[in-house]
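Each ligand, and each atom within it, is numbered from 1 in the order the structure gives. Any value given below was found using the heavy atoms of this structure, including those in side chains, with hydrogens, waters and symmetry copies removed.
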Amino acid sequence: MKITVLTLFPEMFSDFLHTSIIGRSLDRGLAEVEFVQIRDFAHDNYKHVDDSPFGGGAGMVMKPQPVLDALYSVKTEQSYTLLMSPAGEPFSQKKAHEFAGKDHLIFLCGHYEGLDYRINSHVDECVSIGDYVLTGGELPAMVIMDSVIRLLRGSITAGSTEEESHENGLLEYPQYTQPADYNGDRVPDVLLSGNHAKIREWRILQSLLITREKRPDLFAKHELTKEEKKILDKYEKEQNG
Ligand code: SAM
């Protein structure tokens with residue numbers, strides 16, 4: 001996969017691209033990341049990329065010309081362009097899988113008060129990473145790149161993404177490691193039992209209970225499988241005596 005980031009601040013990405021799983025994935029050639037400095041496309045001597053908003057108001061708005069010239073310098077038939085915007089579609093694990101299937105992702109990072117609205121019609125999607133406002137699109141681009149790159153085959157151990165939170169619409173069950181007893185706080189006995197069927201049942205139940213408690217919105221949307229329904233019914237019966 002090829003990733004192009006259009007930004008005024010490429011230096012923000014350097015540690016991120018060279019650290020841990022993302023660094024290793026790029027070293028292995030799973031993705032290639034390039035940067036385009038939007039300011040290089042400004043025409044005036046002072047390399048202005050922004051101007052005050054028509055109609056008045058605080059802050060500066062990024063102008064269409066340098067941004068779109070930068071975009072069309074890299075965009076091809078294979079490209080899929082994402083504009084980082086707090087007004088975009090909410091990012092999700094489902095979208096991470098969709099984006100992981102693209103040949104060429106372009107991230108367009110706004111700054112200041114944002115981008116001239118006419119730019120929106122030149123991108124494939126506007127994406128938000130949450131209901132809050134950041135100073136620029138660089139952190140959102142890194143968030144999305146991180147979740148996409150770790151899904152590429154060969155990035156992390158095969159199978160380790162499958163049971164994670166949000167993969168099947170539920171949150172993940174609790175995980176534990178050594179020691180089995182930490183200052184009297186013990187790991188649930190079932191995980192030490194070696195009984196794989198019982199461990200699986202416990203994990204499914206915990207995933208359902210945690211999602212129901214912490215994210216009732218996700219639980220309400222989730223369609224229980226036959227197995228999940230059976231496990232939950234059994235638990236409810238035990239709880240009710
Ligand atoms: N004036 C804009 C508004 O009210 O929607 C906010 C602009 S924000 C200060 C500057 C840039 O940061 C945006 O153009 C966008 O690229 C990025 N940004 C900020 N928050 C974001 C979020 N939650 N998701 C994605 N991008 C975001």
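Distance from atom 18 (N) of ligand 1 to its nearest protein heavy atom, with residue and atom name: Pro86 CD, 3.7 Å. Among protein heavy atoms, the minimum distance from atom 24 (N) of ligand 1 is reached at Ile129 N, 3.1 Å. Given atom 1 (N) of ligand 1, the protein heavy atom at minimum distance is Glu113 O, 2.8 Å. In terms of protein heavy-atom proximity, atom 20 (N) of ligand 1 is closest to Leu134 N, 3.0 Å.
Interface of Val133 with ligand 1, defined as ligand atoms under 4.0 Å from a residue heavy atom, comprises 6 (C), 8 (S), 9 (C), 20 (N). In summary, the atoms of ligand 1 found under 4.0 Å from a heavy atom of Gly137, numbered by their order in the structure, are 12 (O), 16 (O), 17 (C). Of all the atoms in ligand 1, the ones that sit under 4.0 Å from a non-hydrogen atom of Tyr112 are 7 (C), 8 (S), 9 (C), 10 (C). For ligand 1, the atoms sitting less than 4.0 Å from at least one non-hydrogen atom of Pro140 are 25 (C), 26 (N), 27 (C), numbered in the order shown with element in parentheses.
For ligand 1, the polar-atom distance check finds an N/O of Met84 within less than 3.5 Å of one of the ligand's N/O atoms. Considering both main-chain and side-chain atoms, Tyr132 comes within under 3.5 Å of ligand 1 through a nitrogen or oxygen pair.
Between Lys237 and Asp233 no salt bridge is recorded (no basic side-chain N to carboxylate O distance below 4.0 Å).
When hydrophobic residues (I, L, V, M, F, W, Y) are linked wherever their side-chain heavy atoms come within less than 4.5 Å, the members clustered with Leu208 are Leu170, Ile204, Leu205, Leu209, Phe219, Leu224, Ile231, Leu232, Tyr235.
No hydrogens or angles considered: nothing links the side chains of Glu236 and Asn240 as a donor-acceptor pair under 3.5 Å.
Counting heavy atoms closer than 4.0 Å to ligand 1, residue Val127 contributes backbone atoms (N, CA, C, O) but none from C-beta onward. By the criterion of a heavy-atom distance under 4.0 Å, the backbone of Thr135, and not its side chain, is placed next to ligand 1.
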Using a 3.5 Å cut-off and no angle test, enumerate the donor-acceptor pairs between side-chain atoms of residues 80-92 and protein atoms at least two apart in sequence or in another chain.
unit_1	atom_1	unit_2	atom_2	d
Tyr80	OH	Glu125	OE2	2.7
Ser85	OG	Ala87	N	3.0
Ser92	OG	Lys94	N	3.4
Ser92	OG	Lys95	N	3.1

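For atom 4 (O) of ligand 1, the nearest protein heavy atom lies 4.0 Å away or farther.
The nearest non-hydrogen atom to atom 26 (N) of ligand 1, considering only Ser85, Gly110, Pro53, Cys109, comes from Ser85.
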